[in-house]
Amino acid sequence: MKTLKLIFASTLFLILGSTAIAQPSAAQVKKDVTKTFPGAISIEVIGNGETTEEWEGSTKMYYHRRRVKVVSKTSFDKQLPESRAIVEGLAVYTKQGGNFVYKKYNPGYEELTGMPPVDIDAINEMIKNNICKLVINCNSVVAQPISNWYMTKDSKITWYSPTSFSFKIDTLTIKRWRNPTTLDVVEGKADIRFYRDDMQSDWTRVLDASGFTRVRDLKEEKYTEEELNSMSYLNQVTE
């Protein structure tokens with residue numbers, strides 16, 4: 001029994017040692033990620049990372065991945081001095097011999113900060129005038145307050161470049177005609193992305209199909225055919 005315990009302990013040590021030895025320190029990760037982002041303003045290593053054993057074909061590989069947040073100047077910081085590019089992703093290491101060697105940085109979440117304020121009134125005027133063309137297929141959708149689709153001072157804005165941003169509406173409820181006696185009450189969301197030609201231009205375009213997305217059906221409502229025919233629909237009141 002004692003021999004079996006020694007064998008088990010030795011085997012466990014070999015397995016753990018093969019994956020845990022020489023994992024890079026936070027200081028080493030920062031140094032390695034700087035190779036990918038030589039102009040970074042700050043590099044923050046988050047957590048202790050994860051080591052995994054993976055098969056690539058017939059070859060067993062050991063990977064160590066560490067979350068890293070990088071803040072850099074933008075390519076347009078001369079025009080927008082406060083702008084910053086924030087990237088959060090994974091520093092990826094592969095095991096070679098008894099050490100983990102930096103392989104690459106896999107970006108995940110990206111955003112821009114320090115961007116100029118958006119003219120909310122101009123955006124809402126654009127939505128108001130083009131809701132059926134840019135935001136939602138208005139056919140068969142019962143008319144509702146257009147203000148439901150408006151940007152507010154609290155709207156979450158995501159910048160992709162100085163000429164593109166989007167804002168999200170987390171929850172929207174619409175009523176859509178299904179047949180002559182039934183309306184479907186549908187819950188959805190919207191992520192509307194805008195474009196302009198350059199930093200001095202007005203916002204003039206919206207990404208096709210970037211508006212309303214159905215999340216789930218809430219219920220159905222029954223009416224007489226006459227009642228449904230007497231209702232107003234978005235395409236009737238906005239075009």
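Note that the coordinates shown come from a computational prediction; the quantities given were computed from them, not determined experimentally.
- The shortest side-chain heavy-atom distance between D191 and S166 falls under the 4.5 Å cut-off.
- A side-chain N or O of T36 and one of Y102 form a donor-acceptor pair less than 3.5 Å apart.
- Linking ILVMFWY residues whenever their side-chain heavy atoms come closer than 4.5 Å, directly or via other members, places M115 and V118 in the same cluster.
- Relative ring orientation between Y105 and F37 is described as perpendicular, the plane-to-plane angle rising above 60° on a 0-90° scale split at 30° and 60°.
- A cation-pi arrangement is found for R65 relative to Y63, the charged atom lying closer than 6.0 Å to the ring centre and inside a 45° cone about the ring normal.
- Here D184 does not pair with R176 in a salt bridge; the nearest charged N to carboxylate O distance is not below 4.0 Å.
- In this structure, CG on D121 lies 14.5 Å from CE on M126, to the nearest 0.5 angstrom.
- For Q28 (side chain) and S25 (main-chain N/O), no donor-acceptor pair under 3.5 Å exists by modelled atom type.
- Proximity of I46 to E88: side-chain heavy atoms (C-beta onward) are separated by under 4.5 Å at one or more points.
- Of all heavy-atom pairs spanning N106 and K104, the tightest one is OD1-CE, 3.5 Å.
- Taking K175 as the reference, E221 meet the side chain to side chain donor-acceptor pair (under 3.5 Å) condition, with sequence neighbours excluded.
- No side-chain heavy atom of W177 sits less than 4.5 Å from a side-chain heavy atom of M231.
- Side-chain contact check for K128 versus Y150: some heavy-atom pair is nearer than 4.5 Å.
- R196 places none of its side-chain heavy atoms less than 4.5 Å from the side chain of D198.
- Interatomic distance, I43 CD1 to S72 OG, rounded to the nearest 0.5 Å: 7.5 Å.
- For E187 and R216, the salt-bridge test passes: some basic side-chain N is under 4.0 Å from an acidic carboxylate O.
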Identify each donor-acceptor pair in which a side-chain atom of residues 75-85 lies under 3.5 Å from a protein atom, sequence neighbours left out, and give them as a table.
from: S83; atom 1: OG; to: T74; atom 2: OG1; distance (Å): 2.7
from: S83; atom 1: OG; to: L80; atom 2: O; distance (Å): 2.7
from: R84; atom 1: NH1; to: P81; atom 2: O; distance (Å): 3.1

Test side-chain contact (heavy atoms from CB on, under 4.5 Å) on T163 and D197 and set out the steps.
CA-CA 6 Å; T163 58; D197 293 329; over 6 Å; no
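- Taken together through direct or relayed side-chain contacts under 4.5 Å among Ile, Leu, Val, Met, Phe, Trp and Tyr, M199 and W203 form part of one hydrophobic cluster.
- Between the CG atom of D217 and the CZ atom of R178 there is a distance of 8.0 Å, given to the nearest 0.5 Å.
- Residue K219 qualifies as open at atom NZ: its count of foreign heavy atoms under 6.0 Å is 12 or below.
- Between the side chains of K189 and T171, no donor-acceptor pair of N or O atoms lies under 3.5 Å.
- Side-chain contact check for E220 versus V185: every heavy-atom pair is 4.5 Å or farther apart.
- Remark: of the listed residues V70, V68, V45, V45 is the sole one forming a side-chain contact (heavy atoms from CB on, under 4.5 Å) with K30.
- In this structure, CD1 on I136 lies 5.5 Å from CZ on F212, to the nearest 0.5 angstrom.
- Interatomic distance, S155 OG to I123 CD1, rounded to the nearest 0.5 Å: 10.5 Å.
- Taking the side chain as every heavy atom from C-beta outward, F194 and F167 approach each other to under 4.5 Å.
- Looking at Y93 and D32, their side chains do bring a donor and an acceptor atom within 3.5 Å of each other.
- Atom CG in L183 sits 5.0 Å away from atom CG in L228 (nearest 0.5 Å).
- Between V206 and I192 there is a side-chain heavy-atom pair separated by less than 4.5 Å.
- Relative to the six-membered ring of Y160, R193 meets both conditions, a distance below 6.0 Å and an angle of at most 45° to the axis.
- Under the 4.5 Å side-chain contact rule for hydrophobic residues, L172 and V186 share a cluster.
- Partner of R66 under the side-chain contact (heavy atoms from CB on, under 4.5 Å) criterion, out of V33, T51, V29, V92: V29 alone.
- Under a hydrophobic-cluster definition in which Ile, Leu, Val, Met, Phe, Trp and Tyr are linked whenever side-chain heavy atoms come within less than 4.5 Å, directly or via other members, I169 and I157 are assigned to the same cluster.
- One N or O on the side chain of K95 and one on the backbone of G97 form a donor-acceptor pair closer than 3.5 Å.
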